[in-house]
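For reference, the structure is listed below as structure tokens.
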Protein chains: 2
Amino acid sequence: MGSSTGGRPPVMADVAKAAGVSHQTVSRVLNDHPNVRAETRSRVLEAIDRLGYRRNMVARALVTRHSRTLGVVSFDTILYGPASTVYGIEQAARDAGYFVSIVSLRTIDRAGMRDAVNYLIEQGVDGIVVVAPQRSAASALEDLSPGIPIVAVEGGHTGQVPVVCVDQAEGARLATAHLLELGHETVWHIGGPQDWLEAEGRIEGWRDVLTAAGRKIPDVLPGDWSPRSGYTAGRHLAGMADQISAVFVANDQMALGVLRAFTEEGVRVPDQISIVGFDDIPESEFFSPPLTTVRQDFGAVGRHSIDVLLGQIEEGAAEVLERFVVPPDLVVRGSSAPPGA
Amino acid sequence: MGSSTGGRPPVMADVAKAAGVSHQTVSRVLNDHPNVRAETRSRVLEAIDRLGYRRNMVARALVTRHSRTLGVVSFDTILYGPASTVYGIEQAARDAGYFVSIVSLRTIDRAGMRDAVNYLIEQGVDGIVVVAPQRSAASALEDLSPGIPIVAVEGGHTGQVPVVCVDQAEGARLATAHLLELGHETVWHIGGPQDWLEAEGRIEGWRDVLTAAGRKIPDVLPGDWSPRSGYTAGRHLAGMADQISAVFVANDQMALGVLRAFTEEGVRVPDQISIVGFDDIPESEFFSPPLTTVRQDFGAVGRHSIDVLLGQIEEGAAEVLERFVVPPDLVVRGSSAPPGA
DNA sequence: AGTGAGAATGTTAGCGATAACACTACCGAA
DNA sequence: TTCGGTAGTGTTATCGCTAACATTCTCACT
């Protein structure tokens, strides 16, 4: 390591000298340029190996003006949904030969979003994926003119930025329709936090189906994705269990809280009340009873968002303001059944 | 945007010209150099604002030889533990004025680890945190001479690299001792995957306590962290429920699977069998019954790992081969009780 | 042998910032 | 007045790489 470079990490010029060629030839070998004699190439590779040379991508990025790095702005990366989405993005980016730099916002506000995006641009990323499930985050994107390609995941249709998302309303329709088909008179709903677009979409789909079927539309019970908020809502519903036969809960964690509350209150699921969740977290299959839920394909979301972003970066596609929608799936398990079963 | 710079994003020289100073003075303003007249500073800031100038950190990193970016190598970032750890690292790094670049390994092997570390070094990161909970990952670090500061999280004590981790054995001791104190004759254990150091540590602590108390040590039942593997083990245990009164499960997800299996088989928890988990995932409190478990402070792990890393980077601390251990906490809930309660 | 095309290699000029040093202006002390 | 110190600013070199152009070498073909 560093032999004959005076302790300092070797640079391209050191390799060039060691191999008896010019630094440009070393660069050509590294970049798979065709016009290099096989013998020269192997001599260079041998020198690289011998010196333990590593290319300085910072210098490279300075002159090529791209870094093959994508920025990701995220929020609440411990929740199953965002974590899975970020993971999907990271894998898709890597498959495409890009790496990712991540900024996790602690709070969603215009200033935080602007700082995060600016930071990533200063770092020289080639494009940015914003995982912006809140309305405020999505709108913070609007008055940002980043000057580089950007794509929003799970964000609203702002008209400024292409969006990739799961069809939340469709998932809610599947869940609600499933319960109506089982014979339930109507379906109650425990919603997610106000500001979240996903929560909105799920309310919308649920309401659509009830409206179309001409059923009574109960008030939405408030929740914040946490099991505790589901528990609280569940206690409330248990108190009026005789008027309720089916609940669509906006995510699986809250559904767990509801199950817990029902268990405590002696409300039997699905005999007295059916429950359907959303997300299909790995735990759902092992709830008691196993949870009927709506699965989101986060891997597909990640792949699509990278596709859209690279489309802008590499083809310089002229502002393709698209909206990619990934369909959800209903997974039927033991928590839903015909009423009074 | 880009006014008078010909469509191209403005560089420092453009700002200098606009403000009627040299580019060096602009640099001084940006770096809070003291010897700049207040009037000059505000003129420069005004020009920066007017042109929409953003500093090019790539060029800056080239000459300063540091990027204020840390690399993180991780694995299985959807699991609650790794996700929380990575989140903790990211927040701690940001508080210290650093940003993070993340590589999520799909599989743990020597080559993958080497590539990830090499990539991050090429990108010019100032240091690397490796979240390496497997034995194979930890050992892959050994024959790596990265030439830059590095710290392992949840990794083994390789002797090459400082390590920050939660005291797994202690957590297991707390769990096992808790069950013995309740009066159980002995405690069964469902373990994590073979290769994981955390799984090993938990087995060690569990065995320690049983040995010290002179109790029979049952065979470890195999698991892989997934609820399903817990379910499988749970079915097995349910078949011999009359010989068993307490089970320590290596993580909460598997404990959920065990609960499910017991529910199906009519084994009552905690009346017939007590269960203790590990991790304290947000769901545990709402299992039926709520799960007694061991809480890990992932935020503290993240903060400590950044402290250790920055210690090496900024003080150039001469290879402080330390081992920081974060203590776990026992959280007692409804799944554990005296035998035959 | 002479020629020209193309392959293989070398030389020079940046990329956009900071470091190091040079210079000017101004101050108070000798 | 003259000098030295320092605050404020400018000039030049440099980080390690690639782009663009220049040069040499090979070889087929006239």
Side-chain angles (χ1 to χ4, degrees), chain A residues 2 5-45 47-48 51-69 119 121-126 147, chain B residues 2 5-6 8-45 47-48 51-69 121-126 147:
Chain A
T5 64
R8 159 184 63 74
V11 299
M12 204 173 258
D14 299 317
V15 175
K17 194 186 300 174
V21 297
S22 75
H23 63 122
Q24 182 60 244
T25 297
V26 177
S27 171
R28 283 198 262 260
V29 169
L30 251 20
N31 293 310
D32 287 321
H33 204 90
N35 296 343
V36 177
R37 203 148 39 102
E39 191 270 335
T40 307
R41 178 187 309 275
S42 63
R43 202 144 37 90
V44 168
L45 290 175
I48 286 174
L51 297 184
Y53 169 74
R54 274 193 276 248
R55 173 153 56 169
N56 183 328
M57 298 303 261
V58 173
R60 183 175 208 263
L62 180 60
V63 54
T64 61
R65 320 178 83 89
H66 49 253
S67 58
R68 294 196 82 76
T69 296
Y119 160 76
I121 293 174
E122 283 185 349
Q123 293 301 307
V125 299
D126 296 340
Chain B
T5 64
R8 158 185 61 75
V11 298
M12 204 173 259
D14 299 317
V15 175
K17 193 186 300 174
V21 297
S22 74
H23 63 123
Q24 183 61 244
T25 297
V26 177
S27 171
R28 288 193 183 99
V29 169
L30 252 21
N31 292 309
D32 286 320
H33 202 91
N35 298 344
V36 178
R37 204 147 40 99
E39 192 270 334
T40 307
R41 178 187 309 276
S42 64
R43 202 144 39 90
V44 168
L45 290 175
I48 286 175
L51 297 185
Y53 169 73
R54 272 194 278 246
R55 176 152 56 168
N56 183 329
M57 299 302 261
V58 174
R60 181 174 208 260
L62 179 61
V63 56
T64 62
R65 318 178 85 87
H66 50 252
S67 57
R68 295 196 80 76
T69 296
I121 293 174
E122 285 184 349
Q123 293 300 308
V125 299
D126 295 341

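Throughout, protein chains are lettered first and strands after them, A, B, ... in sequence-line order, and every chain is numbered starting at 1.
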Close side-chain approach of A:Ile48 and A:Leu30, heavy atoms under 4.5 Å: yes
For atom CG of A:Asn31 and atom P of C:dT9, their distance in whole Å: 15 Å
Distance-only polar pair, side chains of B:Arg65 and A:Asn56, donor-acceptor under 3.5 Å: no
Presence of B:Tyr53 side-chain N/O under 4.0 Å of C:dA17 phosphate oxygens OP1/OP2: yes
Phosphate OP1/OP2 of C:dG10 contacted by A:Thr25 side-chain N/O (<4.0 Å): yes
Whole-Å distance separating the CG atom of A:Asp14 from the P atom of D:dC17: 9 Å
B:Thr64 side chain near C:dA17 phosphate (N/O to OP1/OP2, under 4.0 Å): no
Atom-to-atom span, CG of A:Leu30 to C1' of D:dT18 - whole angstrom: 11 Å
Short side-chain N/O contact to D:dT18 OP1/OP2 from A:Arg55, under 4.0 Å: yes
Nucleotide nearest B:Asn35 when distance is taken to its side chain, options C:dC15, C:dA7, D:dT9: D:dT9
Rounded interatomic separation in angstrom, taking CD from A:Glu39 and C1' from C:dT9: 13 Å
Gap between atoms CD and P, on A:Glu122 and C:dT18 respectively (whole Å): 11 Å
A:Val63 side chain, from C-beta outward: closest of D:dG10, D:dT9, C:dG14: C:dG14
Atom-to-atom span, CZ of B:Arg65 to C1' of D:dT14 - whole angstrom: 10 Å
Toward the 5' end of DNA chain C, by each residue's nearest nucleotide, A:Arg37 or B:Arg60: A:Arg37
Side chain to side chain contact (heavy atoms under 4.5 Å, CB included) between A:Thr69 and A:Asp126, worked out: CA-CA 6 Å; A:Thr69 296; A:Asp126 296 340; 5.9 Å; no
Audit row: B:Met57, A:Tyr119, side chain to side chain contact (heavy atoms under 4.5 Å, CB included) steps and yes/no: CA-CA 9 Å; B:Met57 299 302 261; A:Tyr119 160 76; 6.0 Å; no
Among C:dG10, C:dG16, C:dT18, the nucleotide that comes nearest once only the side chain of B:His23 is considered: C:dT18
Whole-Å gap separating P (C:dA7) and CZ (A:Arg41): 14 Å
Touch class at under 4.0 angstrom, heavy-atom based, for B:Asn56 against every strand present: sugar-phosphate
Pair of N/O donor and acceptor under 3.5 Å linking D:dG10 base with B:Arg28 side chain: yes
5' priority, DNA chain D, between B:Ala59 and B:Gln24 [closest heavy atom]: B:Gln24
Of the listed nucleotides D:dG10, D:dC17, C:dT18, the one nearest the side chain of B:Ser22: D:dG10
Gap between atoms NE2 and P, on B:His66 and D:dC15 respectively (whole Å): 16 Å
Backbone N/O of A:Val11 and side chain of A:Asp14: donor-acceptor pair under 3.5 Å: yes
Touch class at under 4.0 angstrom, heavy-atom based, for B:Val58 against every strand present: nothing
Whichever of B:Thr40 and B:Leu62 has its nearest DNA chain D nucleotide further upstream toward 5': B:Thr40
Heavy-atom closest contact (A:Pro10 atom, A:Leu51 atom, distance): CG-O, 3.4 Å
